[in-house]
Amino acid sequence: ALASPSNDNDFLQCLSTNIPSQLVQTPSSPSFKQLLVSSIRNARFVAPATARPPLCIVTPTNASHVQAAVRCGRRLSVRVRMRSGGHDCEGLSYRSGSPNSEGFAVIDLAKLHAVRVNPQEATAWVDSGAGIGELYYHVATAAPGLGFPAGVCPTVGVGGIFSGGGIGLMMRKHGLSADNVLDATMVDAEGNLLADKKAMGDDLFWAIRGGGGGNFGIVLSWKVRLVPVPPTVTFFRVPKTMDQGAVDAVTKWQTVAPVLPDDLSVRVVVQNRQANFQALYLGNSSAAVATMGSRFPELGVTRANCKEMSWLQYTAYIYFRDDIYNKPLDELLLNRSMTLGPFFKNKSDYVKKPLSKDTLEKMFLWPEGAATGQLVLEPHGGRMGRIAADNTPFPYRSSVLYNIQYVEFWNGEGTGGKVTPDWVGSLYDFMAPFVSKDPRGAYVNYRDLDIGANKVVDGVTSYESAKVWGESYFGPENFKRLAKIKRKVDAGDYFWSEQSVPPLPLNQ
Ligand code: FDA
């Protein structure tokens, strides 16, 4: 660890000789605050009590600025944190966990957001600062008939979501976003530009495709394989209250959804004691209704539940709903300006054996208090189950039925009156016996500092402390391999955060 107080002024001086001054903002700059919060999604991390402002924010417009920032940081013992879309669930891309910790700079990649599509090759190069909505838009407009599997919220950054895997409604057909990365360019811990995977070597290229953001270097852009999408896809939605048999339906869903044809993905959102089944079918509505009729008749899906649209419209519809009929898609999907959402806290689990009806009923009825809790159940299976657990650092493959995301939202002033939410924490504790264990799994992109944070002992990040959270995200074998790669590419542990992969100790 970089223990000594940083040479802040020398660092800023070094930046100023290498990077145009308008691309470096310090807290005294009039637009600093606005820039800092520009991509903060969670009101929890705007509150002064939980945030330490960075020494500066660098907004590079080319690779040399990123290299210069890393080289200055290395030379003058100032760490950098990198931010793409700013959606990190614990805000680690722009804040440090404690107000008293060492100073750091933020490299904010928002200005590097180009998407270059090659329709003939069915590939694209996308810069890390692009949002996934921008990626979807540029792919579908430049190459109709092609799409890309990633997440649901259009402002999520490519840099973060690819780094941690990237789950979404096309993963049953095409895998994670990271499974479709063919090449990348990045700046390493020495400030070197690694122009392709050959320059990275197999290990580092493996690590950046799902091994978590902020660990191995700053990925500038990614070459991805685009996937075929049919001209018409189908959305359907079936809401069910508990009186209408929601618990029975989710009980059955657990064993049906992971084995449906790969073209059909049905996820469940549970909120206010109601289950909302939401689907993507890669085809038209009559085929969707027929498949559901034979595989899951209890849900009673009819044409009336369905909407047909293009794949691009779908990527907007799943988030903006009927707004897509009033606003142009570019306005919705390319818009990066955000209104700050509520306070929220995420947790996640993996389910390997179906939960009992009794357990599900308790989840539906979990006391709400003043807060609002939401569960998102995301089915695996399909292609996800046919990829080996060590193919990428993301280990949740054939053994998994579905992922649970728990989210608690609340509104409030300052810290929101409560820094430790209780709905999500108590439900998570209750769930322990029923979900994956030894280690209990979690999805790195739903980052959760409660499951563990790095401890620094005598200036060195303890590998044992990191195993606690690291094995949850990656499984024991993949985590050890990540730590070994870290030792090779960043032995000095320059890219550090409360949940960064530490270098594997030499004796292990
Ligand atoms: P951010 O910029 O905050 O970075 C996240 C982490 O990656 C940080 O550690 C950061 O330092 C590091 N990082 C950022 N850029 C990097 C780069 N260029 N190179 C290396 N490291 C980098 N996930 C999912 O799989 N499917 C989904 O549907 C959703 N939906 C969703 C909705 C909402 C509202 C939120 C808040 C989050 C999600 N997520 C998600 C989770 C999301 O994938 C996760 O938070 C990503 O890390 C966000 O990436 P950003 O670039 O936006 O974050």
Side-chain angles (χ1 to χ4, degrees), residues 38-45 54 60 63 66 70 79-96 104 106-110 112-113 126-135 149-171 175-178 184-189 194 204 207-222 265 267 269 315 318-319 336 338 340-342 344-346 348 374 376 378 394 396 403 405 407 409 443-449 473 490 495-501:
S38 60
S39 64
I40 298 186
R41 182 70 196 203
N42 190 338
R44 211 150 56 95
F45 306 129
V66 179
V70 171
R79 288 189 199 281
V80 295
R81 292 191 181 220
M82 60 220 82
R83 178 163 86 168
S84 289
H87 283 46
D88 190 277
C89 295
E90 294 285 7
L92 296 189
S93 52
Y94 53 86
R95 71 165 193 130
S96 69
F104 63 96
V106 171
I107 301 180
D108 185 316
L109 300 166
L112 295 172
H113 66 132
V126 54
D127 290 346
S128 282
I132 56 174
E134 288 180 276
L135 174 61
V152 163
C153 167
T155 50
V156 165
V158 160
I161 191 170
F162 286 16
S163 293
I167 67 174
L169 281 143
M170 283 215 293
M171 73 176 160
L176 302 170
S177 306
T185 64
M186 69 186 289
V187 171
D188 71 8
L194 306 180
L204 181 53
I208 62 167
R209 287 173 296 150
N215 289 317
F216 305 99
I218 304 175
V219 180
L220 300 178
S221 54
W222 312 75
S265 194
R267 66 178 197 158
V269 179
T315 67
I318 189 77
Y319 191 76
R336 299 297 300 281
M338 274 185 294
L340 188 63
F344 64 87
K345 170 70 193 165
N346 289 61
S348 61
Q374 187 184 67
V376 184
E378 204 85 53
F394 178 97
Y396 298 106
N403 171 279
Q405 185 190 7
V407 199
F409 300 98
Y443 175 37
V444 64
N445 271 346
Y446 298 153
R447 195 193 292 289
D448 178 6
L449 284 176
Y473 291 150
D490 183 16
F495 294 120
W496 186 92
S497 76
E498 291 71 12
Q499 272 188 354
S500 57
V501 174

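Read the numbers this way: they start at 1 and go in the same order the structure lists the ligands and their atoms.
- In terms of protein heavy-atom proximity, atom 31 (C) of ligand 1 is closest to Val156 CG2, 3.7 Å.
- At the top of the distance list for atom 47 (O) of ligand 1, counting protein heavy atoms only, stands Asn445 OD1, 3.4 Å.
- The backbone N or O of Val501 sits less than 3.5 Å from a side-chain atom of Asn215, completing a donor-acceptor pair.
- Under the 4.0 angstrom criterion for non-hydrogen atoms, Arg447 is in contact with ligand 1.
- Counting atoms of ligand 1 from 1 in the listed order, those under 4.0 Å from a heavy atom of Cys153 are 32 (C), 34 (C).
- For atom 28 (O) of ligand 1, the closest non-hydrogen atom on the protein side is Val152 N, 2.9 Å.
- Listed by atom number, the atoms of ligand 1 under 4.0 Å from Gly214 heavy atoms are 11 (O), 12 (C), 20 (C), 21 (N), 22 (C).
- For Gly166, the closest heavy-atom approach to ligand 1 falls below 4.0 Å.
- At a 4.0 Å cut-off, at least one heavy atom of Tyr443 sits close enough to ligand 1 to count as contact.
- Close contacts between ligand 1 and Gly151 involve ligand atoms 26 (N), 27 (C), 28 (O) [criterion: under 4.0 Å to a heavy atom].
- A heavy-atom distance below 4.5 Å is not found between the side chains of Val158 and Glu134.
- The side-chain heavy atoms of Val187 and Leu194, taken from C-beta on, include no pair separated by under 4.5 Å.
- Note on Arg447 versus Glu498: no salt bridge recorded, every NZ/NE/NH1/NH2 to OD/OE distance being 4.0 Å or above.
- Close approach of ligand 1 to Gly213 (heavy-atom distance below 4.0 Å) involves ligand atoms 7 (O), 9 (O), 12 (C), 21 (N).
- Taking distance alone, with nitrogen or oxygen atoms compared against 3.5 Å, Val158 stays at or beyond that limit from ligand 1.
- The protein atom (non-hydrogen) at minimum distance from atom 3 (O) of ligand 1 is Ser93 OG, 2.6 Å.
- In the candidate list Ser39, Gly160, Gly86, Gly86 is nearest to atom 1 (P) of ligand 1, counting heavy atoms.
- Ranked by closest heavy atom to atom 35 (C) of ligand 1, the top entry among Arg83, Arg41, His87 is His87.
- Counting heavy atoms from C-beta outward, Phe495 and Arg81 have side chains that stay 4.5 Å or more apart.
- For ligand 1 and Asp88, the ligand atoms under 4.0 Å from any heavy atom of the residue are 1 (P), 3 (O), 5 (C), 6 (C), 8 (C), 9 (O), 45 (O), 53 (O).
- With a 6.0 Å cutoff to the six-membered ring centre and a 45° limit on the axis angle, Arg79 does not count as a cation-pi contact of Phe104.
- No hydrogens or angles considered: nothing links the side chains of Ser39 and His87 as a donor-acceptor pair under 3.5 Å.
- A salt bridge links Lys345 with Asp448: the distance from a Lys NZ or Arg NE/NH1/NH2 to an Asp or Glu carboxylate oxygen falls below 4.0 Å.
- Within ligand 1, the atoms closer than 4.0 Å to a non-hydrogen atom of Gly217 are 19 (N), 20 (C), numbered from 1 in the order shown.
- Here the side chains of Ile208 and Ser163 are not in contact, with every heavy-atom distance at 4.5 Å or above.
- The side-chain contact (heavy atoms from CB on, under 4.5 Å) test with Ser93 singles out one residue from Asp88, Val106, Leu109, and that residue is Asp88.
- If you check each of Phe394, Tyr319, Tyr446 against atom 39 (N) of ligand 1, the one with the closest non-hydrogen atom is Tyr446.
- Below 3.5 Å of separation, one finds an N or O of Gly85 facing an N or O of ligand 1.
- Tyr473 and Gln499 are linked by a side-chain donor-acceptor pair at a separation below 3.5 angstrom, with hydrogens and angles left out of the test.
- Checking side-chain atoms of Asn445 against main-chain N and O of Ile161 turns up a donor-acceptor pair under 3.5 Å.
- Looking at Thr185 and Val219, their side chains never come closer than 4.5 Å, going by heavy atoms from C-beta outward.
- For ligand 1, the atoms closer than 4.0 angstrom to any heavy atom of Ser128 are 18 (N).
- In terms of protein heavy-atom proximity, atom 18 (N) of ligand 1 is closest to Val219 O, 2.8 Å.
- Considering only non-hydrogen atoms, atom 23 (N) of ligand 1 lies nearest to Ile161 out of Ile161, Val376, Ile107.
- Protein heavy atom in closest approach to atom 15 (N) of ligand 1: Ser84 OG, 2.7 Å.
- The shortest separation from a heavy atom of Leu109 to ligand 1 is under 4.0 Å, placing the residue in contact.
- Closest to atom 26 (N) of ligand 1, if we only count protein heavy atoms, is Ile167 O, 2.8 Å.
- Distance from atom 11 (O) of ligand 1 to its nearest protein heavy atom, with residue and atom name: Met82 O, 2.7 Å.
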